[in-house]
Amino acid sequence: MVEGDLGYIIQMRWAGFGLLLVFALTPARAASFSNRIHRVDAMAQAEWEQDRIGSLTVGVIEDGKLAWTRSYGDADMERRVAATPDTVYRVGSITKSVTAVMLSQLVEQGRVHLSDPVERYVPEIRRVRGGYSGAAPVTLFELATHTSGLAREPDNAGAYVMGPVSGWETTLVAALGRTRYLYEPGIRYSYSNVGYAVLGLALERAAARPYVDYVTGKILRPLGMAHTAFVPNAAMRGNIAKGYGVTGGKIDLGRAAREREGRGYKVPNGGLYSTVGDLARFATVWLGDAPVNVLKKRTLDEMFQQAVAADVNLSHGYGRGFHVFRRGELVAMGHGGQVAGFLAALYLDRGSRTGVIVLANENGGKARPSSLAMRALAALAGS
C-alpha cells in the first residue's frame with residue numbers, strides 16, 4: 001500500500017474468498033476502516049458458519065463506493081465452485097427499488113403524477129375483488145408505498161409465480177381476478193407484491209415502452225450495471241449461483257430450479273439478478289451520486305420526504321421503493337429480497353455514507369442477510 005498526498009491510493013488484493021479494496025484513505029482513517037471491516041468480516045463468517053449451505057457475498061460501501069467485499073462458501077456446492085464478488089444472485093424485492101426509480105423518472109418527465117389513479121393505465125385493476133364502496137381509486141403513490149390495500153399475493157399464488165419474463169404482463173392480468181383488497185386504499189401500510197407488479201405494468205404503459213426494456217436502457221445501463229438483468233446475459237450465465245431452498249433442515253433444489261427462467265408476474269417486484277458490485281452502483285442513486293439522467297437531486301429529496309409509518313412504534317417506514325428503520329441512533333434505508341433459493345439485502349446510512357450489501361444463495365436455512373446487513377451497518381456507522 002502506498003501513501004500519497006491524498007492518503008492511500010486504490011489497492012486491490014484477494015483476501016480469503018473475496019476481493020478487498022481500500023481506497024483514498026488517510027492513515028488514521030485506514031486504520032479505523034480496517035478495524036471496522038474486521039468486525040464485519042467476523043459477523044459474516046459466523047453467519048455463514050451456522051449451516052454452511054451455499055454462500056454469502058458481503059460488500060461494504062464507504063463514502064458512496066464499494067470499499068470491501070468478500071465471499072464465503074460455494075456458489076455451487078455440488079461442483080465445489082466457490083463464490084466470488086462476480087457471483088450473480090437473484091435479489092428478489094430489491095427490484096422494487098428499481099421500479100420506484102422508474103416511477104420517479106416518469107414523474108420528472110411529466111409522463112405520470114404520483115396521484116394518478118392506477119386504473120388510468122391498468123383498467124384491469126377493476127377485476128380485483130373486495131373493493132370498498134365509495135373509496136377513492138388506488139393511486140400510483142399508494143402502490144409505490146404499499147398503501148394500496150391490495151393483498152400481498154393473489155389467491156392460489158402458485159399458479160401465477162412461474163413462467164417466462166416475456167409473458168409477465170399476461171400472467172399478472174390473469175392474477176388480478178384472483179386478487180383481493182385487504183384494506184381501503186390509502187389508509188395503512190400493507191406490503192403487496194402484486195401491487196408492485198401492477199405499478200410496473202402501469203409505468204410500462206405510461207412510458208409506451210416495455211418495462212424490462214425501459215429499466216435496462218434508462219436505469220441499469222446508465223449506472224453501469226452490466227451484470228444485472230431480468231434474463232441473464234451471456235456475461236452473467238457462467239457466474240449464476242445455484243439456489244438452495246432449505247425445508248426442515250433438508251436442501252430442496254426443486255423450486256429454485258423451476259423459477260430460474262422466470263417468476264411469472266413477479267418481474268417488477270422481484271425479478272432481477274445482480275452482483276455485489278452492481279448493487280453498490282445502484283446504491284449511488286439513494287446516496288445522491290447517480291448521474292442526473294438517472295435521478296435528479298430534487299426528486300431524491302422529495303422521495304425521502306414521503307415515507308409512511310409502517311408500525312405503531314414509528315421504528316419502520318416505507319418510502320417509494322425503500323424501507324426505513326430506526327435502531328437506536330441508526331437510521332437505515334434500503335431493501336431486502338427473498339425468492340426461492342436466494343436472500344438479499346442492501347441497507348445504507350445516508351448520514352455517514354456507508355452501506356452493506358449481503359447476498360445469499362440459500363433460503364430457509366440459518367442465513368439472515370437483512371439482519372446481518374443491519375448489524376454490520378450499525379458497526380460501521382457507529383464507530
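Asp51 contributes a side-chain N or O that, together with a main-chain N or O of Lys366, makes up a donor-acceptor pair within less than 3.5 Å. When atom types are taken as modelled, the side chain of Ser192 and the backbone of Ala151 share a donor-acceptor pair closer than 3.5 angstrom. Side chain of Arg178 to backbone of Pro154: no donor-acceptor contact under 3.5 angstrom is found. Of the possible polar contacts, none joining the Thr275 side chain to the His227 backbone as a donor-acceptor pair under 3.5 Å is found. No side-chain donor-acceptor contact under 3.5 Å links Thr171 to the backbone of Tyr160. Not one N or O on the side chain of Gln338 forms a donor-acceptor pair closer than 3.5 Å with the backbone of Gly92. Using modelled atom types, no side-chain atom of Arg209 and backbone atom of Ala206 make a donor-acceptor pair closer than 3.5 Å. Remark: side-chain polar atoms of Trp68 are not paired, donor with acceptor, to backbone N or O of Val58 under 3.5 angstrom. Panel note: side chain Thr99, backbone Pro268; a donor-acceptor pair is recorded below 3.5 Å. In this structure a side-chain-to-backbone donor-acceptor pair under 3.5 Å is missing from Glu119 to Val122.
No hydrogens or angles considered: a donor-acceptor pair under 3.5 Å links the side chains of Ser352 and Asp349. Looking at Tyr273 and Arg90, their side chains do bring a donor and an acceptor atom within 3.5 Å of each other. No hydrogens or angles considered: nothing links the side chains of Tyr318 and Lys96 as a donor-acceptor pair under 3.5 Å. Defined by atom type and a distance below 3.5 Å, a donor-acceptor pair is missing between the side-chain atoms of Asp74 and Ser55. Side-chain polar atoms of Tyr211 and Glu169 form no donor-acceptor pair below 3.5 angstrom.
Val81 and Tyr72 fall into different hydrophobic clusters, where Ile, Leu, Val, Met, Phe, Trp and Tyr are joined by side-chain heavy atoms under 4.5 Å apart, directly or via other members. Residues Met374 and Leu343 do not share a hydrophobic cluster, clusters being chains of Ile/Leu/Val/Met/Phe/Trp/Tyr side chains in contact below 4.5 Å. A single hydrophobic cluster is seen to contain both Tyr214 and Leu220, as judged by linkage of ILVMFWY side chains at heavy-atom distances under 4.5 Å, directly or through other members. Cluster membership for Leu114 and Phe322, using ILVMFWY side-chain heavy atoms within less than 4.5 angstrom, is shared. By the rule that hydrophobic residues join a cluster once side-chain heavy atoms approach within less than 4.5 Å of another member, Leu203 and Leu201 end up as members of one cluster.
For the side-chain contact (heavy atoms from CB on, under 4.5 Å) criterion with Ile357, the lone passing option out of Asp278, Ile61, Ile94 is Ile61.
Between Trp286 and Phe282, the ring planes lie perpendicular to each other; the angle is over 60°, past the 30° to 60° tilted range.
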Next on the checklist: Between Thr87 and Asn239, does the side-chain contact (heavy atoms from CB on, under 4.5 Å) criterion hold? Intermediate values first, please.
Outcome noted: CA-CA 5 Å; Thr87 297; Asn239 290 316; 5.5 Å; no
Next on the checklist: Please evaluate residues Glu153 and Lys266 with respect to the criterion salt bridge (charged side-chain N to carboxylate O under 4.0 Å, His left out), reporting the C-alpha separation (whole Å), side-chain torsions for both, the decisive distance (0.1 Å), and the verdict.
Outcome noted: CA-CA 10 Å; Glu153 312 284 0; Lys266 291 190 169 186; 2.9 Å; yes
Checklist entry - Could you walk me through whether Gln105 and Val294 pass the side-chain contact (heavy atoms from CB on, under 4.5 Å) check? => result CA-CA 7 Å; Gln105 288 181 342; Val294 175; 4.1 Å; yes
Item to check | Residue pair Ile251, Ile53: steps toward the side-chain contact (heavy atoms from CB on, under 4.5 Å) verdict | outcome: CA-CA 9 Å; Ile251 294 175; Ile53 296 173; 4.2 Å; yes
Checklist entry - Could you go step by step and tell me if Tyr191 and Ser93 meet the side-chain hydrogen bond (donor to acceptor under 3.5 Å, both in side chains) rule? => result CA-CA 11 Å; Tyr191 195 88; Ser93 288; 3.2 Å; yes
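Side-chain contact check for Val60 versus Leu380: some heavy-atom pair is nearer than 4.5 Å. At least one side-chain heavy atom of Val356 sits under 4.5 Å from a side-chain heavy atom of Val358. Using a 4.5 Å heavy-atom threshold, the side chains of Val194 and Val128 count as separate. Put simply, the side chain of Arg263 does not reach to within 4.5 Å of the side chain of Val161, judged on heavy atoms. Side-chain contact between Asn363 and Val246: absent, with no pair of heavy atoms (C-beta onward) separated by less than 4.5 Å. Using a 4.5 Å heavy-atom threshold, the side chains of Thr95 and Tyr196 count as separate. Residues Met77 and Lys242 fail the side-chain proximity criterion, which asks for heavy atoms closer than 4.5 Å.
With respect to Arg52 and Glu49, a salt bridge is recorded, a charged nitrogen being found less than 4.0 Å from a carboxylate O. Residues Glu108 and Arg298 are not paired through a salt bridge, judged by the lack of any N-O separation under 4.0 Å between the basic side chain and the carboxylate. Electrostatic pairing of Arg205 and Glu124 counts as a salt bridge here, judged by a charged N lying under 4.0 Å from a carboxylate O. Ion pairing between Arg80 and Asp76 fails under the 4.0 Å rule for side-chain N and carboxylate O. Checked for salt-bridge contact, Arg375 and Glu47 meet the test: a charged N lies under 4.0 Å from a carboxylate O.
At most 12 non-hydrogen atoms from other residues, nucleotides or ligands lie less than 6.0 angstrom from CD of Glu329. The environment of CZ in Arg129 is crowded: more than 12 heavy-atom neighbours from other residues, nucleotides or ligands sit within 6.0 Å.
With rounding to the nearest 0.5 Å, the separation of CG in Leu143 from CG in Leu199 is 5.5 Å. Considering CG of Leu300 and CG of Asp289, their distance stands at 9.5 Å, rounded to 0.5 Å. One finds the CG atom of Leu372 at 6.5 Å from the CG atom of Leu56 (value rounded to the nearest 0.5 Å). Of the inter-residue distances, the one linking Gln306 atom CD with Ser104 atom OG reads 8.0 Å to the nearest 0.5 angstrom. To the nearest 0.5 Å, the span separating CE on Met225 from CG on Leu272 amounts to 7.0 Å. Interatomic distance, OH of Tyr189 versus CD of Glu142, reported as 15.0 Å (0.5 Å rounding).
Both tests hold for Arg350 against Phe304: distance to the six-membered ring centre under 6.0 Å, angle to the ring axis within 45°. Figure legend: Arg188 and Tyr183 shown as a cation-pi pair, the cationic atom lying under 6.0 angstrom from the six-membered ring centre and within 45 degrees of its axis.
The aromatic ring centres of Phe342 and Tyr244 sit 6.0 Å or more apart. With ring centers used as reference points, Tyr347 lies 6.0 Å or more from His335.
Pairs engaging residues 78-108 under the ring pair (Phe, Tyr, Trp, His ring centres under 6.0 Å) rule: none recorded [sequence neighbours left out].
Between Ile125 and Val118, the shortest heavy-atom contact is CD1-CG1, 4.0 Å. Annotation for Glu62 and Thr354: closest pair OE1-CG2, 3.6 Å, computed over non-hydrogen atoms. In this structure, Ser190 and Leu182 approach most closely via the heavy-atom pair OG-CD1, 4.3 Å. Pairing each heavy atom of Leu150 with each of Gly195, the nearest pair is CD1-CA, 3.8 Å. Across Gly217 and Arg221, no two heavy atoms sit closer than the pair CA-NH1, 3.8 Å. Scanning all heavy atoms of the two residues, the minimum distance from Arg320 to Leu103 falls at CD-CD2, 4.0 Å.
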